[in-house]
Number of protein chains: 2
Amino acid sequence: MTIYDISEKAGVSIATVSRVLNGSSNVSEKTKKKVLDVINRYEYTPNAFARGLGLNTMKTIGIMCADSSDLYLAKAIYYIEQKLRANGYDSILCCTGYELEAKMSSMNLLITKKVDGIILVGSNFIYEKDSDNKYIADAATQVPVMLLNADLDAPNIYSVVSDDFTSMYEATLQMIDTGINDILYFYNSTSYSGKRKLAGYRAAMEERKLLTGGNLMQFYHGSHEDIPAMTEHLKKLRRKGVQFHGVIAADDTLALASVKYARETGYRVPEDISILGYNNSMLVNCCNPELTSIDNKLDTLCQHLITTLLGVLDGKEMPKKTVFSGEIVKRGTTR
Amino acid sequence: MTIYDISEKAGVSIATVSRVLNGSSNVSEKTKKKVLDVINRYEYTPNAFARGLGLNTMKTIGIMCADSSDLYLAKAIYYIEQKLRANGYDSILCCTGYELEAKMSSMNLLITKKVDGIILVGSNFIYEKDSDNKYIADAATQVPVMLLNADLDAPNIYSVVSDDFTSMYEATLQMIDTGINDILYFYNSTSYSGKRKLAGYRAAMEERKLLTGGNLMQFYHGSHEDIPAMTEHLKKLRRKGVQFHGVIAADDTLALASVKYARETGYRVPEDISILGYNNSMLVNCCNPELTSIDNKLDTLCQHLITTLLGVLDGKEMPKKTVFSGEIVKRGTTR
């Protein structure tokens, strides 16, 4: 499909199609809609197209992440930047924070800077309300948008995700099978990925009829790196009389805080409390015993994301969604 | 000083000055030099000027860092992005890796994207050889360049640094004063900041006549987050018969590895070995006992850097270099 086909099908001039593709404001909403409808109907990738015409190819990819000081996101950015550079692409990163408005503003900035594609790192960019995700679908009418560990169904958007649900489901079953019934789920994010993890834990606990009240699912509100505050959260829980002999944590920091909690309250790990983390980050080696954690294959995910993006930019047919399995890496904090 | 003054002093037209300021290639090297000489002589800030004329103000700052997966750099980026956003600026980040060529390419990219200023995060951008730093001085002829924890003397370049030398010097003296003579210095970077830290340790050890051979200064070559490899480095040292009852580490990760080393070889911390880290990062709470570490006031440094940059962009006179003192935060790993 060429720009001529779009022009013909939409009943507008080639110049108009080009203006729409380039995000010019000098086009009426009605005309713009006609062109975008044709594009969406044929799942056409405007930028690959522009590249074919030798337009707009700055060989630069825009990356967005909520917070580069989050260990997991920082690592993802590192992998992505490395792989882009190895393929001759520059990249520019916007750290948006967690507010929708700032995310929209960064997205606009990247589009203005004429990037060839946009990568959203982490699942904090997708909202419950469809209307809050319009900024992503809108961007995707201009350049391909890649989602790492998130999912959104719209044209020109591609996702690469880790199967967080299954990883957590299996880890929970494994811990139950070591004879622990009161497993605490400790989490601090309700993002797409955060919900999938929680659902995996719930499914396993329900399957074994171990899901009682809400006390065993503990949401931590504070800073994502304040280990003493996380430890205090667990101590408070204990003072309230909540019992648990296992902790499944949604990330390694929370798991590390749980190891600290156990040490400070006189529990042995893993004899009295089993603890499992998530992300298999550098933190797994920081505690004693070392942390059992789920490796969600971030490097593989990032590699696949870049391969998909480069394929899309080359005008190839690429899968809209790819799912990888995680793996439990057993160390000293579980039996 | 106005564009008219520059034009007059350089003996070229205003249009030519403007072309030079905008980095146009359509100017002879000789003419360009004339204009830049005037600009350099008067320490004139082209971009502040362009802003005054209402040109080129995208309200976007370019940020460069070597590696966003380094805890310290990631944190710095987080602070900087936050503070820029609070002041109405967007930012775009390039993670360059550690190769000069990639740094130069990212710098060009940012200039092409018409950013209002460039921030270099961390001291890995400055090289021993002056000619290798030309890319920074060149960029500074176009936009103000801010250095975080690095120093380079050229027009339109501003540095904000932590006094790493004094922090390490005082920490080393303090450890000596607790009765430890064989203090190992454990480091993994020879950047500007890395050298200043090492010099602080050396100065203190020399002052007390404790500096013997090179065995007590150990450079670790591996990945900056591979704690087991760092631990192994220390075990190998012990097998070679090198004795030490104190470790001063150039960052918290190395210090954490030292705590792990002590535990695995049966030494008590701090009774048998005192350990001090650097950066006062989230890692200080990860080990038992918790890590004594040097807080180099990263938040304050970043705040000051942004204030300086905004001042420069407003055409105000701002200090070329600002130095902040660090602070030793005493926890359980030192006596």
Side-chain angles (χ1 to χ4, degrees), chain A residues 58-60 62-63 65 67-82 84-86 90-97 99 102 105-106 108-110 112-115 223-231 252-253 256-257 259-260 263-264 281-288 290, chain B residues 58-60 62-63 65 67-82 84-86 90-97 99 102 105-106 108-110 112-115 223-231 252-253 256-257 259-260 263-264 281-288 290:
Chain A
M58 306 284 290
K59 291 258 238 184
T60 305
I63 305 174
C65 86
D67 174 0
S68 67
S69 77
D70 177 282
L71 269 180
Y72 181 75
L73 298 178
K75 195 84 202 170
I77 292 163
Y78 173 74
Y79 285 136
I80 288 171
E81 295 258 1
Q82 240 187 1
L84 284 173
R85 199 164 28 244
D90 284 313
S91 54
I92 55 185
L93 171 67
C94 293
C95 298
T96 61
E99 298 302 320
S105 146
S106 293
N108 282 334
L109 176 71
L110 289 174
T112 313
K113 300 285 177 196
K114 301 253 176 247
V115 294
S223 148
H224 65 76
E225 56 175 42
D226 189 346
I227 292 174
M230 296 170 189
T231 307
D252 286 337
T253 318
L256 212 65
V259 173
K260 198 175 167 73
R263 189 174 55 234
E264 294 180 1
S281 67
M282 65 173 292
L283 297 178
V284 299
N285 302 121
C286 289
C287 58
N288 180 34
E290 295 191 343
Chain B
M58 304 285 289
K59 293 261 247 180
T60 305
I63 305 174
C65 86
D67 174 0
S68 68
S69 78
D70 177 282
L71 270 180
Y72 181 75
L73 299 178
K75 195 84 201 170
I77 291 163
Y78 173 74
Y79 285 136
I80 288 171
E81 295 257 1
Q82 239 186 1
L84 284 174
R85 196 161 34 241
D90 285 313
S91 55
I92 55 184
L93 170 68
C94 293
C95 298
T96 61
E99 298 302 321
S105 144
S106 292
N108 282 334
L109 176 72
L110 289 174
T112 312
K113 300 284 177 196
K114 300 252 176 249
V115 294
S223 147
H224 65 77
E225 56 174 43
D226 190 347
I227 293 175
M230 297 171 188
T231 306
D252 286 337
T253 317
L256 211 64
V259 173
K260 198 176 166 74
R263 189 174 54 233
E264 294 181 1
S281 67
M282 68 172 291
L283 297 179
V284 299
N285 302 122
C286 288
C287 58
N288 179 33
E290 295 190 344

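Every heavy atom of this structure was used, including side-chain atoms; hydrogens, water molecules and symmetry mates were not.
In this structure, chain A has a heavy atom under 4.5 Å from the side chain of B:T253, while its backbone stays farther away. Neither the backbone nor the side chain of A:I63 comes within contact range of chain B; no heavy atoms are under 4.5 Å apart. Heavy atoms of B:L71 lying under 4.5 Å from chain A belong exclusively to its side chain. When heavy atoms are compared at a cutoff of 4.5 Å, A:T231 does not approach chain B at all. Using a 4.5 Å cut-off between heavy atoms, B:L283 touches chain A through its side chain atoms alone.
Scanning all heavy atoms of the two residues, the minimum distance from B:C286 to A:L256 falls at SG-CD2, 3.0 Å. Closest non-hydrogen pair, B:S69 versus A:A74, comes out as CB-O, 3.9 Å.
With rounding to the nearest 0.5 Å, the separation of SG in A:C65 from CD in B:E81 is 7.5 Å. Distance check, rounded to the nearest 0.5 Å: CG of A:L109 to NZ of B:K59 gives 13.5 Å. One finds the CZ atom of A:R85 at 8.0 Å from the SG atom of B:C95 (value rounded to the nearest 0.5 Å).
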May I have the step-by-step check of side chain to side chain contact (heavy atoms under 4.5 Å, CB included) for B:H224 and A:M282, ending in yes or no?
CA-CA 10 Å; B:H224 65 77; A:M282 65 173 292; over 6 Å; no
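Most heavy-atom pairs under 4.5 Å with chain B, from the set A:V284, A:T96, A:V259: that is A:T96. Put simply, of A:S91, A:A257, A:G62, A:A76, the one with the most heavy-atom pairs under 4.5 Å next to chain B is A:S91. In terms of non-hydrogen atom pairs under 4.5 Å with chain A, the most contact-rich of B:K260, B:R263, B:K75, B:E290 is B:R263. For the options B:L93, B:I92, B:I77, heavy-atom pairs under 4.5 Å to chain A are most numerous at B:L93.
Around CD of A:E264, the count of heavy atoms belonging to other residues, nucleotides or ligands within 6.0 Å exceeds 12.
Between B:D90 and A:S105, some side-chain heavy-atom pair lies under the 4.5 Å cut-off.
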